[in-house]
Number of protein chains: 2
Amino acid sequence: MFSIGELSKRTNVKVPTIRYYEVMGLMPEAERTSGNQRRYDKAGLERLSFIRHARDLGFSIEAISSLIELQEHPDRSCEAATKIATSQLEGVRTKIKRLRTLEKELSRISKGCDGEGVSEDCYVLASLADHNLCDREH
Amino acid sequence: MFSIGELSKRTNVKVPTIRYYEVMGLMPEAERTSGNQRRYDKAGLERLSFIRHARDLGFSIEAISSLIELQEHPDRSCEAATKIATSQLEGVRTKIKRLRTLEKELSRISKGCDGEGVSEDCYVLASLADHNLCDREH
DNA sequence: CTTGAACCTCTAGCCACTAGAGACATTACA
DNA sequence: TGTAATGTCTCTAGTGGCTAGAGGTTCAAG
Ligand SMILES: [Zn+2]
Ligand SMILES: [Zn+2]
Ligand SMILES: [Zn+2]
Ligand SMILES: [Zn+2]
């Protein structure tokens with residue numbers, strides 16, 4: 001049994017974040033000492049590692065809730081888990097596409113001015129003022 | 001002179017968002033009718049278009065504030081504008097890198113399970129529980 | 001037994017909006 | 001001119017995923 005600070009160190013999740021996960025229902029309500037402090041065991045550590053890993057991969061709290069729910073019912077179909085993962089992947093791909101478009105425009109805009117002129121003639125400012133200077137939609 | 005709704009239509013920025021920009025100091029305080037409703041002119045339209053475009057490119061409200069400030073002083077050096085743009089570009093590139101790593105892991109995880117089994121044997125859930133199954137850091 | 005670190009709860013703040021309540025203004029049409 | 005529909009006003013609160021701080025209590029080492 002270890003404290004919340006110890007759990008925090010082992011998982012690299014900050015103490016207030018662990019408490020937040022408890023409030024959100026991701027972490028179960030921890031056992032308490034007689035003085036009301038949280039104590040965790042291996043199960044708590046594994047649960048938090050799962051959450052941390054999923055968060056690192058960009059899953060939302062809500063998605064993680066569903067995944068944990070599934071995990072706690074080993075006999076249920078895992079269809080939902082796969083769906084959550086593929087939709088997460090799709091979301092990431094959409095974001096990448098969007099960012100690549102932005103990257104191209106921003107790169108063009110940045111290159112257009114060396115920062116040695118005056119605001120009036122600045123290509124950065126002109127570009128922002130006029131989307132027609134952009135190469136594509138974004 | 002046109003209403004906030006009209007401005008909204010022309011810029012595709014929602015009405016409450018326009019008011020929000022005013023509170024944030026991005027939009028100047030609009031003129032008012034005798035009945036206290038906002039009225040805008042060409043200058044307001046151009047300002048909002050600038051903001052919209054910059055937001056579409058991912059600039060923060062704070063960054064846009066600085067850019068507008070520069071724009072209003074045509075004689076100042078545009079160095080700051082270039083810096084803001086390049087740091088925005090850098091931020092986008094960092095995000096893309098991160099997302100590409102995530103994409104690879106998520107793609108592997110997704111492929112690992114067709115969703116026809118049972119939660120206990122689910123590769124998606126197993127992967128989330130154990131970062132050692134991942135190919136790289138993320 | 002004392003000190004100091006760690007812990008507790010609660011509230012508020014971050015960003016860039018978005019939604020809703022309840023009241024007032026404007027516009028179109030009869 | 002009357003009226004009804006739509007638009008607008010301000011204000012407050014909510015979103016997601018935390019993070020920071022206040023003010024108090026508990027624990028562990030020496
Ligand atoms: Zn410039
Ligand atoms: Zn553009
Ligand atoms: Zn599965
Ligand atoms: Zn991993």
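Below, read A as the first sequence line, B as the second, and so on, with proteins coming before strands; counting in each chain starts at 1.
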Starting at atom [atom1] of [X], determine the distance to atom [atom2] of [N], rounded to an integer number of angstrom.
X     : N      : atom1 : atom2 : answer
A:R39 : C:dC7  : CZ    : P     : 8 Å
B:M1  : C:dT26 : CE    : P     : 13 Å
B:F2  : C:dA25 : CZ    : P     : 23 Å
A:F59 : D:dG17 : CZ    : P     : 13 Å
A:I64 : D:dC18 : CD1   : C1'   : 13 Å
B:Y40 : D:dT8  : OH    : C1'   : 11 Å
A:E6  : D:dA28 : CD    : P     : 12 Å
A:I4  : D:dC27 : CD1   : C1'   : 15 Å

If the cut-off is 4.0 Å, is [X] near the phosphate of [N], judged by side-chain N/O to OP1 or OP2?
X     : N      : value
B:S3  : C:dT26 : no
A:K14 : D:dT19 : yes
B:R38 : D:dT8  : no
A:T17 : D:dT19 : yes

Original post:
With side chains defined as the heavy atoms from C-beta onward, is the minimum distance between A:Y20 and A:L26 less than 4.5 Å?
Top reply: no

**OP:** Have a look at B:R19 and say if it touches a base, only the backbone sugar-phosphate, or nothing, with a 4.0 Å heavy-atom cut-off.
**Re:** base

**OP:** Determine the contact category for A:Y21: base if any of its heavy atoms lies under 4.0 Å from a base atom, sugar-phosphate if only primed atoms, P, OP1 or OP2 are that close, otherwise nothing.
**Re:**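 Contact class for A:Y21: sugar-phosphate only.
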
The side chain of [X] lies closest to which of these nucleotides: [options]?
X     : options                : result
B:Y20 : D:dC18, D:dC27, C:dC17 : C:dC17
B:R55 : C:dT9, D:dC27, C:dC17  : C:dC17
B:Q37 : C:dA16, C:dT18, C:dA25 : C:dA25
A:I61 : D:dC27, C:dC8, D:dC18  : D:dC18
B:T33 : C:dT9, C:dT26, D:dT19  : C:dT26
A:N36 : D:dT19, C:dT9, D:dC27  : C:dT9

**OP:** Please check if atom CD in B:E62 has more than 12 non-hydrogen atoms from other residues, nucleotides or ligands closer than 6.0 Å.
**Re:** no

Original post:
With under 30° as parallel and over 60° as perpendicular, where do the rings of A:H138 and A:H131 fit, or are they tilted in between?
Top reply: perpendicular

Original post:
For A:E105, which of A:R136, A:K111, A:R98, A:R100 qualifies under salt bridge (charged side-chain N to carboxylate O under 4.0 Å, His left out)?
Top reply: A:R136

Subject >> Result of checking B:E6, B:E29, B:E22 against B:R38 for salt bridge (charged side-chain N to carboxylate O under 4.0 Å, His left out) >> reply: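 The passing option is B:E22.
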
